[in-house]
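Quick notes on the structure that follows.
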Amino acid sequence: SSSSAASDVYKRQTMEDAPGLQRIASNPKVIKYLPDDPLSLEEVKDIIIWSIGCHKRNTKGKIEKLNLSILERGTNELIGWCGLGPADWDQTQTEIYYTLAAEHWGKGIATEAASALRNYALNTLEQKNLVGIVAVENTASNNVLKKLGMVYKERLETVPKGCDPCFIGQNLYALKA
């Protein structure tokens with residue numbers, strides 16, 4: 001099947017992305033699947049500043065956080081974000097994550113982004129334990145992780161102290177390099 005996603009652009013987040021990211025993260029359809037409540041523009045800007053610092057410290061074998069904006073080629077419209085980072089529930093594992101504006105769901109964009117991240121994590125950053133976690137009812141996102149070659153492990157039953165309990169009850173997938 002053909003996909004418009006093959007031509008989308010991924011870039012490190014900058015302050016100019018803040019309004020678009022905040023708009024996507026405030027949509028009730030999207031929020032339903034995110035760990036955070038709707039974020040203010042200032043909170044989004046703080047995350048971007050933190051991300052920029054993390055990017056400078058990412059090295060082979062150790063990633064602090066890689067937050068990328070997804071831009072639609074041609075329009076350069078910000079249509080989502082994706083990234084890699086230590087899993088909140090297990091810091092020894094590297095989580096692949098992605099979020100799209102609701103109007104761009106179902107076009108293969110998340111699969112394309114997650115595939116690019118998987119390849120970058122394995123080949124460039126030499127990460128070993130890649131994982132993804134998704135809401136049980138989010139069929140499309142469950143399918144994205146399966147398309148990456150990830151295997152369903154379990155529904156997460158517990159999280160360590162200090163970890164957001166929002167992950168409890170979600171489907172955990174893993175890809176062993």
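FYI, the numbering just counts along the sequence from 1.
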Rounded distance (nearest 0.5 Å) linking atom SG of Cys54 with atom CG of Asn67: 7.5 Å
Could you give the distance from CH2 (Trp81) to OG1 (Thr99), rounded to the nearest 0.5 Å?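 Separation between the atoms: 4.5 Å.
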Side-chain touch [X]/[Y], heavy atoms, less than 4.5 angstrom:
X      : Y      : result
Val136 : Gln170 : no
Lys146 : Tyr152 : no
Thr139 : Asn143 : yes
Leu21  : Leu78  : yes

Minimum heavy-atom distance Ser26-Leu39, with the two atoms named: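 Scanning both residues, the minimum pair turns out to be OG-O, 4.2 Å.
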Using a 6.0 Å cut-off, check whether atom NZ of Lys32 has over 12 heavy atoms from anything other than its own residue. no
Does Arg23 pair with Glu103 as a salt bridge, N-O distance under 4.0 Å? yes
CA sep, side-chain torsions, deciding dist, call: Arg155, Leu172, side-chain contact (heavy atoms from CB on, under 4.5 Å): CA-CA 6 Å; Arg155 281 178 78 162; Leu172 179 64; over 6 Å; no
With Tyr173, which of Ile96, Ile133, Asn142, Val151 fulfils side chain to side chain contact (heavy atoms under 4.5 Å, CB included)?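 Only match with Tyr173 under side chain to side chain contact (heavy atoms under 4.5 Å, CB included): Asn142.
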Honestly curious: do Tyr97 and Val131 fall in one hydrophobic cluster under the side-chain, below-4.5 Å linking rule? no
Is it true that the side chains of Tyr98 and Thr111 contain a donor and an acceptor less than 3.5 Å apart?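 The answer is no; no qualifying pair exists.
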Side chains of Thr75 and Glu72: is there a donor and an acceptor less than 3.5 Å apart? yes
May I have the step-by-step check of side-chain contact (heavy atoms from CB on, under 4.5 Å) for Leu84 and Lys65, ending in yes or no? CA-CA 6 Å; Leu84 299 164; Lys65 202 71 155 177; over 6 Å; no
Stepwise side-chain contact (heavy atoms from CB on, under 4.5 Å) check, His104 with Glu77: CA-CA 11 Å; His104 292 280; Glu77 178 197 354; 4.0 Å; yes
